[in-house]
> 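Sharing a structure here in structure tokens format.
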Amino acid sequence: MKAIVLGAGKGTRLQSEQFQMPKVLRQANGRSLISYVLDHINFIPQEDTVVVVGYKKEAVREALSGGKYLFSDQDQQLGTGHAVNCARDHFEGYNGNVLVLYGDMPLLSKATYEKIIKTHEEANADCTIMTAIVDDSLPYGRIIKDENGNLLDIVETKDCTPEQLAVKELNIGVYVFNAKLLFDNLKELKNNNAQGEYYLTDIPKILLGKGAKIITCTVTDNNEIFGVNTIEDLEFCEKQLAKTEA
């Protein structure tokens, strides 16, 4: 198992530019967001963990310089699919699985990451998508399934129809992929969406069209699913972290 941690974001809504700091280095309860994330996947060796950096990338490299992490640069912010593709060179000749996750989600626990990996491996899946069943209308992509519970599509919030927005199963943005299948198909991504970006969320649909086995794994504790995009998100995460570390 290898990992790709997406950490290139600027954190505009978090007002990170005021602090001259990339989003993943913003602090919650006295520690950087990415330090929690990396602790929670410490069962994957550091030398098998690629951190994708962009805005203020030197600061992230410096903050993690005590470890053996690998780095890839995303100099243009062209979407999550583009970010993952920036890590391609570290996966030449590797045919195993890769966990793809975000560096700004400090509440996702080690147990949850282990759960999605175990689910993926036991099902011998090509792609496993972490989801949550949530009553609130959060700005996460919707998981569209057929009447038998099979995945049909993942639709980003800004591209959803009103009917799709009513769906309660959300895409959290964490995946386990067969690495070769992932990188072989990233070149097929298109950016014809509301954001003009290359969405990683389109890869499962591309794989489905090729007969791949795509499954979902649902988070049990919905408090874990929050990424830090706004000041309010940061405050929420700080409160949760203070509870868990008390």
Side-chain angles (χ1 to χ4, degrees), residues 4-14 22-23 50 52-55 57 72-91 98-105 125-132 134 137-147 149-216 225 227-230:
I4 298 174
V5 182
L6 303 182
K10 191 180 271 194
T12 305
R13 284 181 290 160
L14 199 57
K23 192 207 301 196
V50 182
V52 180
V53 294
Y55 178 70
K57 60 188 178 184
S72 292
D73 293 348
Q74 185 191 22
D75 292 323
Q76 289 181 284
Q77 306 290 298
L78 300 177
T80 49
H82 175 256
V84 171
N85 200 41
C86 290
R88 176 182 292 274
D89 290 350
H90 293 296
F91 290 84
V98 57
L99 172 69
V100 181
L101 64 153
Y102 285 99
D104 64 353
M105 298 183 77
D126 296 307
C127 168
T128 303
I129 304 160
M130 187 181 290
T131 71
V134 180
S137 183
L138 297 173
Y140 290 94
R142 299 316 197 258
I143 299 289
I144 311 301
K145 292 180 173 177
D146 64 18
E147 61 275 8
N150 299 310
L151 183 75
L152 293 175
D153 203 357
I154 306 172
V155 184
E156 293 296 320
T157 306
K158 291 178 180 176
D159 299 307
C160 279
T161 65
E163 292 77 21
Q164 289 169 334
L165 279 175
V167 171
K168 295 186 184 302
E169 187 169 10
L170 310 183
N171 175 35
I172 305 311
V174 175
Y175 310 84
V176 181
F177 288 101
N178 171 282
K180 187 172 188 317
L181 268 181
L182 170 63
F183 286 101
D184 282 352
N185 286 279
L186 280 170
K187 61 182 178 292
E188 296 194 23
L189 289 180
K190 304 283 190 294
N191 65 344
N192 53 346
N193 51 61
Q195 295 293 91
E197 294 183 348
Y198 297 94
Y199 291 154
L200 184 61
T201 46
D202 289 339
I203 291 293
K205 189 175 180 183
I206 291 169
L207 294 178
L208 272 178
K210 298 183 177 183
K213 184 174 184 179
I214 316 294
I215 63 172
T216 57
I225 69 174
V228 176
N229 291 306
T230 65

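Keep in mind that this is a model prediction, so the values were computed, not measured. Values below: every heavy atom of this structure, side chains too, minus hydrogens, waters and symmetry copies.
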> If you measure from CG on Asp126 to CG on Asn178, what distance do you get to the nearest 0.5 Å?
6.0 Å
> Which atom names give the shortest non-hydrogen contact between Gln77 and Tyr55, and what distance separates them?
NE2-N, 4.4 Å
> Do Leu200 and Tyr175 touch side chain to side chain, with heavy atoms closer than 4.5 Å?
yes
> Which heavy atom of Ala8 sits nearest a heavy atom of Val53, and at what distance?
CB-C, 3.6 Å
> How many angstroms lie between atom CD1 of Ile144 and atom CG of Leu152, to the nearest 0.5 angstrom?
8.0 Å
> How long is the span from the CG atom in Leu189 to the CG atom in Leu78, to the nearest 0.5 Å?
11.5 Å
> For Ala83, give me all partners under side-chain contact (heavy atoms from CB on, under 4.5 Å), at least two apart in sequence or on another chain.
Leu6, Val52, Gln74
> Look at Lys145 together with Asp153 and state whether they make a salt bridge at an N to O cut-off of under 4.0 Å.
no
> Side chains of Val155 and Tyr199: does their closest heavy-atom pair fall under 4.5 Å?
no
> For residues Gly81 and Leu186, report the shortest heavy-atom separation together with the two atoms involved.
O-CD2, 3.8 Å
> I want to check something: taking the side chain as every heavy atom from C-beta on, are Lys23 and Asp104 in contact at a cut-off of under 4.5 Å?
yes
> Answer yes or no: is there a side-chain heavy-atom contact under 4.5 Å between Val50 and Val5?
no
> Mind checking whether Thr201 and Thr80 have side chains closer than 4.5 Å, heavy atoms only?
no
> Would you give the length of the straight line joining atom OG1 of Thr157 to atom CD of Gln164, rounded to the nearest 0.5 angstrom?
10.5 Å
> Quick one: do Val228 and Met105 satisfy side-chain contact (heavy atoms from CB on, under 4.5 Å)? Show the steps, please.
CA-CA 6 Å; Val228 176; Met105 298 183 77; over 6 Å; no
> Using every non-hydrogen atom in the two residues, find where Tyr140 and Leu170 come nearest and quote the distance to one decimal.
CB-CB, 3.9 Å
> Just how far is it from atom NZ of Lys187 to atom OH of Tyr198, taken to the nearest 0.5 Å?
14.5 Å
> With Thr131, which residues qualify under side-chain contact (heavy atoms from CB on, under 4.5 Å), at least two apart?
Ile129, Ile143, Glu169, Thr216, Thr218
> If I compare all heavy atoms of Phe91 with all of Ala179, which pair ends up nearest, and what's the gap?
CD2-CB, 4.2 Å
> Enter the distance from Cys127:SG to Leu207:CG here, rounded to the nearest 0.5 Å.
6.0 Å
> Any side-chain heavy atom of His90 sitting closer than 4.5 Å to one from Ser72?
yes
> side-chain contact (heavy atoms from CB on, under 4.5 Å), that's the test. Do Phe177 and Leu99 meet it? Break it down for me.
CA-CA 7 Å; Phe177 288 101; Leu99 172 69; over 6 Å; no
> With sequence neighbours excluded, what pairs up with Asn192 under the side-chain contact (heavy atoms from CB on, under 4.5 Å) test?
Lys190
> With the side chain counted from C-beta on, respond yes when Arg142 and Leu165 share a heavy-atom pair under 4.5 Å apart, and no when they do not.
yes
> Check the pair Asp73, Lys57 against side-chain contact (heavy atoms from CB on, under 4.5 Å), reporting the backbone distance first and the verdict last.
CA-CA 8 Å; Asp73 293 348; Lys57 60 188 178 184; 3.1 Å; yes
> Would you check, one step at a time, whether the test side chain to side chain donor-acceptor pair (under 3.5 Å) holds for Asn185 with Lys210?
CA-CA 10 Å; Asn185 286 279; Lys210 298 183 177 183; 2.5 Å; yes
> With heavy-atom distances below 4.5 Å as the criterion, would you say the side chains of Leu138 and Ile225 are in contact?
yes
